Amino acid sequence: MQFIVEPKEMQAVGLRLRKMGASPALVPTMGALHSGHLALIQRAREEGAPVIVSVYVNPLQFGPGEDLAAYPRTMEADRQSCEAAGVDVLFAPRTLYAADHSTYVMEEALSSGRCGRSRPGHFRGVATVVAKLLNLTQAAVAVFGWKDAQQLSVVRRVVRDLDFPVRIVPVEIQRDHDGLASSSRNRYLSTEQRTRAVEFPRILEEAARRPDGCGWAAVELSRMPGVRVDYLEEADGRLCGAIWIDGVRLIDNFPCGA
Ligand code: PAF
């Protein structure tokens, strides 16, 4: 596995791969890799093309007061996971932005509700870094999880609107043994918080089968101690939700009517 830190070296490798006729598949991540990321990598490998995993905690998608400083950074473990998963290139830049960086990608319709409402500027940060990663890796395919359903829609729209020559491949949510959607942020939960957190997917899954799903889930979640609902909404044929458990924000979704 090749380990690349310099963005320009990544771009040279991407261009070389394309010149050789390869169609690299990118799995963009912020590291702290878990089973959800491994499923994305597995899906990328099924393309039969070189697999590039990027690990970069993108400061642009964190708002003031969010967990940028605390976000888990586990580079050595990530490197070993990528090696074991058969990744061809691990791209882990120290930074992707020039000190006087002043160019952004803004999607202005799909970014505005749900997570975009409670995390202003988040999707501008995501869209900008994804555009940069696509340019740097020259990916022909990029794999994203349904866990971040709104991110997936925004990325698809940006790719369509700006004519990026890349195919976006979605992968279904991976869940831990207790049903909680795999997420790097799960490690913020204490054992006690986790026992409450697992009720969230249980309620959302049941709600997604009901015609009055959002209202029903709101009532169920309001009964849980220390839980605050950020949003419950149907989008992209899925019932999507975000909650706070004490100070930890969790998002999840289930296909409606399944
Ligand atoms: O989903 C994530 O981990 C991030 O939002 C992404 C797509 C890697 C961009 O930083």
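Ligands are counted one by one from 1 in listed order, and the atoms in each one are counted from 1 as well. All values derive from a computational prediction rather than experimental measurement.
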Quick one: nearest non-hydrogen protein atom to atom 2 (C) of ligand 1, plus distance?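 Here the closest protein heavy atom is Q151 NE2, 3.9 Å.
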Short list, please: which atoms of ligand 1 are under 4.0 Å from a heavy atom of [X]?
{"X": "T29", "value": "8 (C)"}
{"X": "V129", "value": "9 (C), 10 (O)"}
{"X": "P28", "value": "8 (C)"}

Quick one: pull up CZ in R79 and CE in M1 and give me the separation to the nearest 0.5 Å.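 Atom-to-atom, R79:CZ and M1:CE are 6.0 Å apart.
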Working to the nearest 0.5 angstrom, can you tell me the gap between R194 CZ and D176 CG?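 If we round to the nearest 0.5 Å, R194:CZ and D176:CG are 4.5 Å apart.
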Taking the inter-plane angle between the rings of Y71 and F62 on a 0 to 90° scale, is it parallel (under 30°), tilted (30 to 60°) or perpendicular (over 60°)?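 Y71 vs F62 ring planes: perpendicular.
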Aromatic ring pairing H37/H34, orientation class (parallel under 30°, perpendicular over 60°, tilted between):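 Taking H34 first and then H37, their aromatic rings sit tilted (interplane angle of 30° to 60°).
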Check L133 against ligand 1 and report side chain, backbone, both or neither, counting heavy atoms closer than 4.0 Å.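 Neither; no heavy atom under 4.0 Å.
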Nearest non-hydrogen atom to atom 10 (O) of ligand 1 belongs to which of H122, K132, Q61?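 It is Q61 that holds the nearest heavy atom.
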I want to check something: taking the side chain as every heavy atom from C-beta on, are F123 and L110 in contact at a cut-off of under 4.5 Å?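 Heavy-atom side-chain distance check fails, nothing below 4.5 Å.
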